[in-house]
Amino acid sequence: MSKRIKDELKKEAEKLKNSGIVPGLAVIIVGDDPASRVYVNNKKKACAEVGIYSEEYALAEDTSEDELLALIDRLNCRKEISGILVQLPLPKQINEENVIGRIDPKKDVDAFHPVNVGKIMVGNYDFVPCTPAGIMELIKESGIDISGKECVIVGRSNIVGKPMSMLLLHSNGTVTICHSKTRNLAEKTKRADIIVAAVGKPNFITGDMIKEEAVVIDVGINRMADKKLVGDVEFETAEKVASAITPVPGGVGPMTIAMLMKNTLKAAVINNKEDK
Ligand code: GUN
């Protein structure tokens, strides 16, 4: 599915370029977290596949907040840059909220800026946060109707849990958000027609917590001691009860990146309009 989306976006990028609009993405990584490095490499690779110009800024672990904000200011002003992505998490001397708030909302392809978060809440948005957007594509393209369904999200992060709840709600799902203080978690997850697991705990959701025929979306990427990647869902037990389930790796991850490419093309169009 992600490949098909990228193929379509490649054609769209070509059309934009023919009309004089060149989409460009700036990706900033601070420090050398190995997982972030892999994600950033995958994002750059996808840009090359789709035909999006990209620039990488790999900053040292001890970069100050002021230095990072100054870079964002420069990128905000540059015409060749349609989208700006700061890979999270950031080192502790840098305040994430200040950084996200500094990105021009029209170049905020992650949709993390409070202006874009607010637009998502209201239901009138340009950029959809990439992971929840990818999950919506997975669900809808699989022919699964969300309307009226019990949707249970496990995890309340700003990147996944909270925006996911809004997108499912806009599609008329009945949404429950569970988190670390939720009592009787299994009782909630067992009600779900659609479960989105985004807690960051390996094999946290097991088959006995899932209703027969439920749709299971696994957002977790956890690296085990033996270097193996596993999700938040125990795949072996969950696949026996689920009607559909996403694997880790190779499930939600590639869709997230495809949606980032989609947002970057959208940003190129929006910023081009702004210039005129
Ligand atoms: N870190 C983990 N997921 C993401 C994401 O979607 N965007 C950014 N910028 N950082 C992340």
Side-chain angles (χ1 to χ4, degrees), residues 2 5 25-47 52 54-59 61 63 65 68-69 71-72 75-76 81-92 94-105 107-117 120 125 127-138 153 155-167 196-201 217-223 229 231-232 246 248-264 266-267:
S2 67
I5 293 169
L25 178 67
V27 182
I28 305 173
I29 175 169
V30 187
D32 40 31
D33 176 67
S36 289
R37 177 33 75 195
V38 173
Y39 299 146
V40 164
N41 287 350
N42 288 342
K43 289 168 185 180
K44 284 194 312 186
K45 190 169 146 244
C47 281
I52 294 175
S54 73
E55 289 181 1
E56 179 190 295
Y57 294 85
L59 309 182
E61 179 80 28
T63 299
E65 185 174 312
L68 178 54
L69 294 177
L71 171 60
I72 293 171
L75 295 169
N76 277 339
I81 300 300
S82 337
I84 302 170
L85 180 144
V86 180
Q87 187 66 31
L88 303 178
L90 289 167
K92 55 186 177 319
I94 301 177
N95 179 306
E96 256 173 38
E97 227 178 302
N98 293 344
V99 170
I100 291 167
R102 193 71 155 239
I103 298 170
D104 179 345
K107 295 191 176 187
D108 172 35
V109 284
D110 265 325
F112 291 168
H113 190 288
V115 163
N116 290 322
V117 174
I120 290 156
Y125 42 83
F127 302 124
V128 198
C130 305
T131 300
I135 293 170
M136 292 303 283
E137 288 275 337
L138 275 170
I153 301 164
R156 55 173 152 181
S157 71
N158 289 333
I159 297 184
V160 183
K162 286 188 217 169
M164 189 75 245
S165 69
M166 284 300 128
L167 300 190
V196 178
V199 267
K201 290 187 184 151
I217 312 282
D218 192 352
V219 186
I221 307 182
N222 308 288
R223 175 104 35 202
L229 284 179
D232 290 349
T246 65
V248 176
V252 172
M255 292 300 288
T256 296
I257 292 185
M259 293 300 112
L260 173 65
M261 300 299 107
K262 190 170 177 175
N263 280 346
T264 305
K266 198 172 233 179

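For ligands, and for the atoms within them, numbers begin at 1 and follow the listed sequence.
Side chains of Thr131 and Thr256: a donor-acceptor N/O pair is present below 3.5 angstrom, by distance only. Donor-acceptor pairing under 3.5 Å is recorded for the side chains of Arg37 and Asn41.
Applying the 6.0 Å contact sphere to CD of Glu61 captures more than 12 heavy atoms from other residues, nucleotides or ligands. Heavy atoms of other residues, nucleotides or ligands lying less than 6.0 angstrom from NZ of Lys43 number more than 12.
Judged purely by atom type and a 3.5 angstrom limit, Asn263 has no side-chain atom pairing as donor or acceptor with the backbone of Asp110.
Using a heavy-atom distance under 4.0 Å as the criterion, the protein contacts of ligand 1 are Lys43, Leu85, Val86, Gln87, Leu88, Asp110, Phe112.
Listed by chain and residue number, nothing satisfies the side-chain hydrogen bond (donor to acceptor under 3.5 Å, both in side chains) test with Asn76 (two or more places apart in sequence, or in another chain).
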